[in-house]
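To start, the structure under review is shown below, and the notes come after it.
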Amino acid sequence: MAKDYKDTLNMPRTDFPMRGRLPKREPLFQRKWEEKGVFKRLKEREAPLFILHDGPPYSNGHIHIGHALNKALKDFVVRYKALRGYRVSFVLGWDNHGMPIEKAVLDSKKTLKRLKNLLKEKVSDEVKGMVEDVVSSIDEAIKAKEERGFEDPEVKRLIREASRKYAALWVEVQKEEFKRLGVLTDWEDIYLTMDPEIEAKETEVLAKFTEEGYIYRGYMPLPWSRESQSALAMAEIEYYEKESPSLWFLAKSLDNDYYILVWTTTPWTLFGNRAFAFSPGMEYVLFRLPDGRTVVFSAEALDRIRETLGWEGEVVGRKKGTEFEGEKFQHPLFKDRVSPGILADFVSAEEGSGIVHIAPGHGKEDYEIGKVYGLEVFSPVDERGNFTKEADEQTAHPLNVVGLSIEEGGKRAIERLKELGTFVKLGKIRHSYPHDWRYKKPLIFRATSQWFLSLDHKDLRERALKAILNDVKWHPPESINRIYASVKERPDWVLSRQRAWGVFIPAVKCEDCGWETLVPEVMHRLAEDIRAGNSDAWLTEPLDRYLPEGFKCEKCGGTRFSKRYDILDVWFDSGSTCITVLKGRNIGYPADVYLEGWDQHRGWFNASLMVGMAYEGKAPYRTVITHGFVLDEEGRAMSKSLGNVVSPNEVIDKYGADVLRLWVASVEYTQDVRIGEEILKRVVDAYRKIRNTFRYLLSNLYDFTDPLPLEEMLPSDRWALSRLYGVMEEAKRLYEAYEFNRLYRLLYNYVVELSSFYFESLKDRLYTWAPQGRGRRSAQTALYYILQQLLLAFSPIIPHTTEEAWEYAPIKDKPESIALALWEDLPKEFKDEALERDFALLLNMREEVYPALEVLRRDRKLIGQNLDARIEVKPKGEYGRLLERYLPYLKEIFGVSQFVISGEPTGDEKVDGEYGLWAVSHAKGNKCPRCWMWWEDLPEGEVCPKCAAALKGEDHLQRVETDADML
RNA sequence: GGUCCCGUAGCUCAGGUGGUCAGAGCGCGCGGCUGAUAACCGCGAGGUCGGAGGUUCAAGUCCUCCCGGGACCA
């Protein structure tokens, strides 16, 4: 019988599915955004401009979870700014040049296998179509290189050709992956550092720096990768533990009758020895060995050296460090060479002997001190780490090491020491040593001629430091220390690389005297050819095309010149995008936001700052946001060897992009963040809750037409709007502050509150009251605003789900995508602080009685749902007045059938609380078969007065407000 | 080796200048509902705030050292 009444109720109804099926459905919305040109409209509208300049990921593989974190955060910012009405600029970029791609091309076997595997993966037909072309280009380049060698310009051109295609392939792959993440951008408006337009502009940037005197050519030792056959920038170095030789030897003084004791971990650098350094502040001992020889070393190291070398003997004299300056010593390897004693502050006695072998061609400190003493920068090692003829030619007693590796040469050096009788001891030492970041192989220090950008020219460094402190906002604030230190300490920028795949430094070499120079005119002319589409022009065109009329060598007046083929450091490529892209494309300068991982303090943020300051005179960004790295569930870095790598593509395929994005929003990204199965499971739970909330809102608005004016709404609905107002204000504040995890918690906790209290309390009114009565429409009005605001607030985080709900939402004149909607502030009238205070108290009271209801239910089995219950209360203090004021709504708020204020509350279970003396029991009378509420005077089986009115379509609210029983 | 950051319930996170600061949500356990139902509601149990010292009348909150993790630099 009761069942009949169900048809007379207004049950929620919606086609918005409970289950997201995100992996299937999200691509539909992505296609929609693209087809409707959503982003194109956002970037073209008439409004204040907001620029987020994208840091370019390297195009040589699939995206990893860190890329996903990065792009999701950027997308949050951009989507939020768009919602708030800005015209947004967000041009995705890729970094294409550089060793890793060139290496991939040269390492063809491995790469071809990788490309073959790519064909089996889930990539588009477009990508698959590109693979064949890449493969044949690589084949051609390799064949040419084997036949003609790397230095042949045509070989370089072919390598560049293959690299270009290989990079383009991965750009396409990553583009699809970012698309699948839900990034909102114009996919036809991207930038690649290998775009001819950008290469041309970059060449012009270099020309301008040359004109302004920032660029110089220097000869000095730099970390050199034998594998890359290139000098490395600081950003390309990593430190690992390495085992090195620990060599002790003697050098004979030519002025006194003693030897000095020297220690080194790089025996091969002895070929480049040019001096011995002593500490000016240290005392040295003269130590008599049993064999009669006297050896000099640091007094501080006396005990350690005795122990390490097992030396018996006695101190027979002392000398100050300063006394050794200018003393002549025999070169460690060659009798016919002399190495002077010099003084250097960096000499310590913590390791070794307090006397340091100086090779200005093989160490930075050695070079610096060598400059002071006018020592030769001697570096007889070629790009592969093999000795050159200079190693032998420097002496009449050569060791014949030409062509030998530094390891073999080092052995010969030790043999020579033994021949000379100056060998003391050879051991091993483990220490932290610089390695090539790509190959993980130890580096050597080798002096070469390179092009540098001076950081102190025109006070560049000082100006940059000032800008860091005064003009840029750093989020989180601690990152200011990192960027400041990295700018303050960095050495001059080594711009040149001896490779093929990059933007050329079009230096010109005088064939008569060997002088190399940069000619701005050449660079400008070359830029024109590149801009016209020939990135390889420097290789393919004759130099005459670029040299100015009548150009002569400034050193010797010579007129015959050749081209040099060094390329620019890739950090210059990406560092100059603030000019080549932001200015080159007339987007605007500076950008509002740069947002990258905190490793970019010494990378992209640093490089961009240098280029921007030198070129434009101000920092390229107003705000810099940094995020941490993604670790596994145990907080360990991800690595293939640990097998703990979480791939964003797999997460998206399994749970959907919105779940991955919700995870991004849920974590404190300014620190390192964790991801793993359990963490994702929690996020999935949260996602379901949010999705169901949207669904419930939609389902109760299926017949909604117009909002009710605020003054006609019921107190609890006005309270709901007041709460909504506060939450949304806070949400906007948190978006502005980039505090997404707080935002996530704010919104999520709000959703939980809605579901457990407000929605629950509304059920009777929504389901059983007259459909068009004021009570139900008042509730729907609140739900309407909640839905609209909640969708807007969540849309930057979970754009697919909110887009889907948006399509179902009964919002008048809504734009066709939520991404095109405006998130405007709610009317201030919604805010009602007095009402919120009242409800806060009422909710506290609810918490106070609920445990008693639980006892009735669980222990005493007297009731099932709360609607079976009756609450009687004797309020304490002023709370009586509060309850009286809301009397008609208390049943709804407490979710029970009967609520009585009484001087003597009676019931089966009592609670003496802060707000009152409560008594709860089973409700009296009979249960209305329609609304399931209990009524004291209701005849059994009959419908209650409220339902009777509703069935006749009558709005009984007026009576409700005067008669509590009517609710 | 140096510098910096992090370490609060199983998970993700709150806890300005030291004094109800031991919290939230989820998860978990127990119960209800079956008119949001592969949903929804209620109640409850979980933490010596990484460890050890110290400063203080009083310390997740300040200092030192140690352990674990991460980053940066040499």
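Values below: all heavy atoms of this structure, side chains included; hydrogens, waters and symmetry mates excluded. Within every chain, numbering begins at 1; the chains are lettered A, B, ... in the order of the sequence lines, protein sequences first and strands thereafter.
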Considering residues, nucleotides and ligands other than A:N749, do more than 12 of their heavy atoms fall under 6.0 Å from its CG?
->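 Yes, because the 6.0 Å sphere around CG of A:N749 holds more than 12 heavy atoms from other groups.
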
Does A:F16 have A:R691 sitting over its ring (NZ/CZ under 6.0 Å from centre, angle to axis within 45°)?
->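 Yes, a cation-pi geometry holds between A:R691 and A:F16.
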
For B:G25, does the glycosidic angle fall within 90° of 0 (syn) or outside that (anti)?
->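 Anti conformation for B:G25.
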
Assigned glycosidic conformation for B:G35 [threshold 90° from 0] =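 This nucleotide is in anti.
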
Could you state the atom-to-atom distance from [atom1] of [X] to [atom2] of [N] in whole Å?
{"X": "A:K488", "N": "B:C72", "atom1": "NZ", "atom2": "C1'", "value": "17 Å"}
{"X": "A:E634", "N": "B:C11", "atom1": "CD", "atom2": "C1'", "value": "12 Å"}
{"X": "A:R688", "N": "B:C40", "atom1": "CZ", "atom2": "C1'", "value": "15 Å"}

Can you tell me the Watson-Crick or wobble partner of B:A36, both distances under 3.5 angstrom?
->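 Checking every strand shown, B:A36 finds no partner, since no pair has both distances under 3.5 Å.
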
Taking a pair as Watson-Crick or G-U wobble with both distances under 3.5 Å, which nucleotide is matched to B:C72?
->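 Matched B:C72 with B:G2 under the 3.5 Å cut-off.
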
Has the side chain of A:Q865 got a donor or acceptor atom sitting under 3.5 Å from an opposite partner on the base of B:G32?
->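 Answer no: no donor N or O sits under 3.5 Å from an acceptor.
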
Less than 4.0 Å between a side-chain N and a carboxylate O, is that true for A:E677 and A:K654?
->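 Salt bridge: yes.
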
Please state the [atom1] separation for the pair [N] and [M] - nearest whole angstrom.
{"N": "B:U55", "M": "B:G15", "atom1": "C1'", "result": "23 Å"}
{"N": "B:G53", "M": "B:G60", "atom1": "P", "result": "14 Å"}
{"N": "B:G54", "M": "B:A59", "atom1": "P", "result": "12 Å"}
{"N": "B:U17", "M": "B:A52", "atom1": "P", "result": "24 Å"}
{"N": "B:C30", "M": "B:U64", "atom1": "P", "result": "48 Å"}

What's touching nucleotides 20-24 of chain B from the protein side, N or O pairs under 3.5 Å?
residue	atom	partner	partner atom	Å
B:A24	O2'	A:N749	ND2	3.3

